[in-house]
Each structure stands twice: as structure tokens, then as C-alpha cells.
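For reference, positions follow the sequence shown, starting with 1. Every number for a ligand or one of its atoms is a count from 1 in the order of the listing. The structure presented is a predicted model; accordingly, all values stated were derived computationally and were not measured.
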Amino acid sequence: MPSDDQPNRAKTVLVVEDNPLNLKLFVDLLDYHGYELITTHFGRAGVELASQKQPDLILLDIQLPDISGIQVAQELKADKATQSIPIIAVTAFAMPGDRQRMLESGCDDYIAKPFNVHALLSMVERYSNTKRSRSEGSS
Ligand code: MN
């Protein structure tokens, strides 16, 4: 069984984003840089995909058509199966209160739209390496 620490394994990023143009931008950018992508427009599907696919990182839009990104983050961080997956919130909000709310909901970091491509890539690279490998033997 391959180790989760293999440096050459392509990292998988789950993108939860309902705006088609933003989603395409994320997919094109991250695919070009060698990431495997899983995508959905919906928060509820995002929660399920995170659990099923165990991505290395989640890019999470906050304003979604069904449940909010805040709720998605809260559910993922409350579930043992998904709580170690890093979450970067993607948001158009700029109010300090909203940022605080995102971090309190369990998001590890956030990036504001419109975002700087290099800042996004460096954040993705950093956080996609921080997911703790779950020990297969325990529990
Ligand atoms: Mn949105």
C-alpha cells in the first residue's frame, strides 16, 4: 500500500464552488500544476465527496446554493473521517467578522476573490502537504 508521505503522489484538491467561471479557473490552474481535481457546485455534495474521496485539500466557496461553506466546514471538522483535511475558504467577503467566522467554523485559511494566482498556488501547495495521514491500524 503506498504511503501517504510519497512526495511524488499527485495531490487531490476538492473544489466546492458554484460559480462556473471561478470553478473553471481553479480547475485549469490546478490541473496545469499537476493536481488531481474533484469538483462540485454544492455544499452537501462537497461534504459527501470529502468523506468518500479523502482529498488532500478542500477549496471551499462560502456562498453556495444549498448549504453555506461555513456549514460545510463545520460538518467536515466535526467528523473524524474528514477533520484532518485542510480547508481554504474562498470568499468575496472582506469584513473582519466574516473572516473570523470562517476560521471559527474550521477553515484553516482563506483567500479573497479576486485572488492573486501566485498567492493561491503557494497556499494550495502549502496546505495540500499538511493533511495528517490516518493510521490504518487504529480504531
Ligand atoms: Mn458562490
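Here Tyr35 and Phe26 keep their ring centres 6.0 angstrom or further from each other.
Listed by chain and number, Asp18 OD1, Asp61 OD2, Gln63 O are the protein N/O/S atoms closer than 2.8 Å to the Mn ion (ligand 1), with waters left out.
The number of heavy atoms from other shown groups lying within 6.0 Å of CD (Glu125) does not exceed 12.
With rounding to the nearest 0.5 Å, the separation of CG in Asn116 from CD1 in Ile111 is 7.0 Å.
Between Lys77 and Asp108 the shortest heavy-atom distance is NZ-OD1, 3.3 Å.
A side-chain N or O of Glu75 and one of Gln71 form a donor-acceptor pair less than 3.5 Å apart.
The cluster map of Ile, Leu, Val, Met, Phe, Trp and Tyr, joined by side-chain heavy atoms under 4.5 Å apart, puts Leu37 and Leu29 in the same cluster.
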